[in-house]
Amino acid sequence: MSSRPADEPHSGSRHVTVVLVEDDPPTRDHLAETLAACDGIRLLASAGTLQAARAACERFLPTVLITDLQLPDGHGADLIREVRDRYPATEIMVISVLGDEGSVVTAIRAGASGYILKDSEPVDMVEAVHGLIEGRSPISASIARYIVRRVQDGSFSGDRKPAPLLTPRETDILWGIAKGFTYNDIADRLGLSRQTVPSYIKNIYRKLEVNSRSEAVFEAIERKLIRLGE
């Protein structure tokens with residue numbers, strides 16, 4: 001296999017490519033070393049600020065973004081929303097010391113597919129990265145138990161099941177699905193690459209908790225996310 005420069009954007013590599021965002025240098029170095037030592041994972045960049053993270057994601061287009069929430073120049077949830085909207089094929093996992101309901105729900109609603117606490121063993125984080133690529137949503141056991149308890153006693157705010165946070169682009173694509181347009185039709189109408197449409201649709205399915213076009217359309221109409229008369 002021919003070598004590529006360290007800063008070359010990801011394109012077609014068999015490796016899971018990662019951008020890591022963590023503001024604490026010792027923690028960032030430790031996580032970077034853990035990821036770099038794993039077969040099948042290629043760490044493209046590590047960043048300590050929201051600004052640096054945005055630049056790294058734009059430059060490298062990683063397979064997976066791993067981000068902290070508390071950053072010196074902003075909140076990780078803002079980065080998650082931006083990456084989910086601009087680069088829908090990128091999977092996103094939070095790694096944080098914050099395990100409270102508000103932080104977890106905010107990150108997941110923003111678009112994170114996994115949430116790991118920093119006290120997790122290194123192997124757990126690596127397994128979580130591979131799990132994201134395989135379509136799973138890794139969450140630390142303590143967070144899962146906490147959410148289960150809150151749901152069971154009726155105090156979890158998720159019981160109110162608010163409408164999912166779809167981006168304007170996802171809403172446009174969902175409307176196209178409802179109208180019966182093909183992927184090519186949707187791409188042409190919205191000025192997108194044909195290859196990116198399935199990634200957007202994958203995110204729509206995840207947010208609506210459905211597995212097919214018909215289920216997505218039904219849920220969207222029921223939740224008044226789209227109106228077919230428009």
Any chance you could lay out the side-chain contact (heavy atoms from CB on, under 4.5 Å) test for L65 and V19, step after step, and finish with the verdict? CA-CA 5 Å; L65 167 67; V19 165; 4.0 Å; yes
Does the side-chain contact (heavy atoms from CB on, under 4.5 Å) test come out yes or no for V83 and T67, once each step is laid out? CA-CA 11 Å; V83 170; T67 184; over 6 Å; no
Verdict with supporting geometry, K179 and R189, side-chain contact (heavy atoms from CB on, under 4.5 Å): CA-CA 12 Å; K179 288 292 188 179; R189 286 172 175 267; over 6 Å; no
Let me see the working for E127 and R136 under salt bridge (Lys or Arg N to Asp or Glu O under 4.0 Å), right down to the final yes or no. CA-CA 11 Å; E127 291 177 354; R136 298 194 295 271; over 6 Å; no
Could you go step by step and tell me if D68 and V21 meet the side-chain contact (heavy atoms from CB on, under 4.5 Å) rule? CA-CA 6 Å; D68 195 1; V21 186; 5.7 Å; no
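How far CG of L166 is from OG1 of T171: 4.5 Å, rounded to the nearest 0.5 Å. Here CD1 of I186 is found 5.0 Å from CD1 of I177. Values are rounded to the nearest 0.5 Å. Rounded to the nearest 0.5 angstrom, T34 OG1 and L20 CG are separated by 9.5 Å. In this structure, CD1 in I108 is found 8.5 Å from OH in Y115, a value given to the nearest 0.5 Å. In this structure, the separation between CG on L190 and CH2 on W175 is 9.5 Å, given to the nearest 0.5 Å. In this structure, K207 NZ and L174 CG are separated by 11.0 Å, a value rounded to the nearest 0.5 Å.
In terms of modelled atom types and a separation under 3.5 Å, the side chain of T90 and the main chain of P62 share a donor-acceptor contact. Here the side chain of Y200 pairs a donor or acceptor atom with the backbone of D85 at under 3.5 angstrom. Side-chain N or O atoms of R42 include none that pairs as donor or acceptor with a backbone N or O of H15 at under 3.5 Å. Without hydrogens or angle criteria, R81 side chain to A110 main chain gives no donor-acceptor distance under 3.5 Å. Between the side chain of D172 and the backbone N or O of R169, no donor-acceptor pair lies under 3.5 Å. A donor-acceptor pair is defined here as one N or O able to donate and one able to accept, closer than 3.5 Å; such a pair exists between the side chain of D73 and the backbone of Q51. With hydrogens and angles ignored, the 3.5 Å screen pairs no side-chain donor or acceptor of S103 with any backbone N or O of G99.
Annotation: side chain of V94 is in contact with side chain of I80 (closest heavy-atom distance under 4.5 Å). Between H130 and I41 the shortest side-chain heavy-atom distance falls below 4.5 Å. Within the 4.5 Å cutoff, side-chain heavy atoms of L192 are placed close to those of I173. The shortest side-chain heavy-atom distance between T17 and T63 falls under the 4.5 Å cut-off. Here the side chains of K118 and H30 are not in contact, with every heavy-atom distance at 4.5 Å or above.
Contact between R54 and L79 at its shortest, heavy atoms only, is CG-CD1, 4.1 Å. The two residues V64 and V16 make their nearest non-hydrogen contact at CG2-CG1, 3.8 Å. When every heavy atom of A128 is checked against every heavy atom of M93, the shortest pair comes out as CB-SD, 3.4 Å. Closest heavy-atom contact between V126 and C38: CG2-SG, 3.3 Å. Between T196 and P88, the shortest heavy-atom contact is O-CG, 4.5 Å. Residues N203 and E170 approach most closely at CB-OE2, 3.6 Å, considering heavy atoms.
The closest side-chain donor-acceptor pair between S113 and S137, if any, does not fall under 3.5 angstrom.
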